[in-house]
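Counting starts at 1 for both ligands and their atoms, in listed order. The chain is numbered in sequence order, starting from 1.
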Amino acid sequence: MPELPEVEALRRALDEPVSAFPIEKAGPAHIATLKTFDPPLAALEGRRLAGVERRGKRLFFPTEDGELVILLHLMSAGRLRYLAPGEKGPKSPAFRLRFQGGAELVLTEAGPKKRAGVWVLTPEAAEEEVAHLGPEALGLGAERLAEICAAESRRLHSMLRDQRVIAGIGRAWANEILHTARLSPYALSYDLADDEIGRLADAIDTELARGLELREQGAGDKRVYRIHNRLGEPCYVCGTPIARVDYEEHTVFYCPDCQTGGRILKDRRLSRLLK
Ligand SMILES: [Zn+2]
């Protein structure tokens with residue numbers, strides 16, 4: 001489930017290698033993965049990439065000549081790997097770039113659903129594609145967060161995951177951030193006091209920075225997540241078993257002692273069905 005820390009770690013790792021040699025062959029691409037047909041993939045061939053940029057959870061690979069951009073969104077199951085020359089890759093990747101000299105960049109996606117996407121765009125079209133995104137989560141700051149929280153009343157877990165409001169956070173990091181901020185996933189953004197907004201802004205930065213540092217070291221989910229997917233395990237702060245609640249289409253993990261004053265949150269999907 002790549003979010004800002006995972007995608008930024010990937011960006012840092014790929015920035016140099018993808019710009020080392022011009023693209024020799026672009027494709028093949030799975031029909032569901034490639035979202036654009038004009039310009040064609042072949043238009044990339046012979047061009048060199050200028051490196052990798054990131055916006056929210058998306059990666060941008062601009063060409064050095066400034067004419068084209070490859071935009072890539074891993075969604076939940078996409079995986080992107082750089083293969084050194086001669087290194088064995090997957091038989092049928094969702095997308096592949098082969099560089100002169102033999103290195104490859106390959107996108108794979110487990111499962112039958114192909115949701116990850118690749119777009120080949122002009123720089124202007126690439127900008128339009130991300131124009132709806134909110135400000136970057138890392139470095140957002142308490143002042144900006146206070147404006148966001150005051151603008152509309154939202155449940156915090158849902159607000160943090162909304163890419164139009166804040167870009168880069170998904171369900172895993174929303175769980176980690178809210179736990180560090182000692183705030184309920186169901187708390188309403190509009191109701192937050194100044195000190196709570198300050199705690200949330202700090203938690204966004206410290207948690208995403210912690211995640212980025214660990215991911216850059218190659219740490220897996222078990223080491224990175226302390227609350228997410230830890231149902232029944234003791235909270236690392238207070239020892240209370242981590243609880244889980246279903247909310248919208250998501251499963252939320254939280255500590256009842258640290259975050260909700262001991263209250264167990266009710267399943268919102270179930271209560272909606274019973275109405
Ligand atoms: Zn706790």
Only one of [options] forms a side-chain contact (heavy atoms from CB on, under 4.5 Å) with [X], so which one is it?
X: E207; options: L178, I177, D202; value: I177
X: T63; options: V69, I70, L49; value: L49
X: L80; options: V106, L107, V7; value: L107

Checklist entry - Sorted by chain and residue number, which protein N/O/S atoms are under 2.8 Å from the Zn ion (ligand 1)? => result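 Only C235 SG, C238 SG, C255 SG, C258 SG fall inside 2.8 Å of the Zn ion (ligand 1).
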
Checklist outcome for this item: Sorted by chain and number, sequence neighbours left out, salt bridge (charged side-chain N to carboxylate O under 4.0 Å, His left out) with E127 holds for none

Item to check | Qualifying ring-ring contact (aromatic ring centres under 6.0 Å, His included) pairs with a residue from residues 81-136, counting only residues at least two apart or across chains | outcome: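 Not a single pair qualifies under ring-ring contact (aromatic ring centres under 6.0 Å, His included).
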
Checklist outcome for this item: For S158, the side chain to side chain contact (heavy atoms under 4.5 Å, CB included) test, sequence neighbours excluded, returns R154, R155, R161, Y247, E248

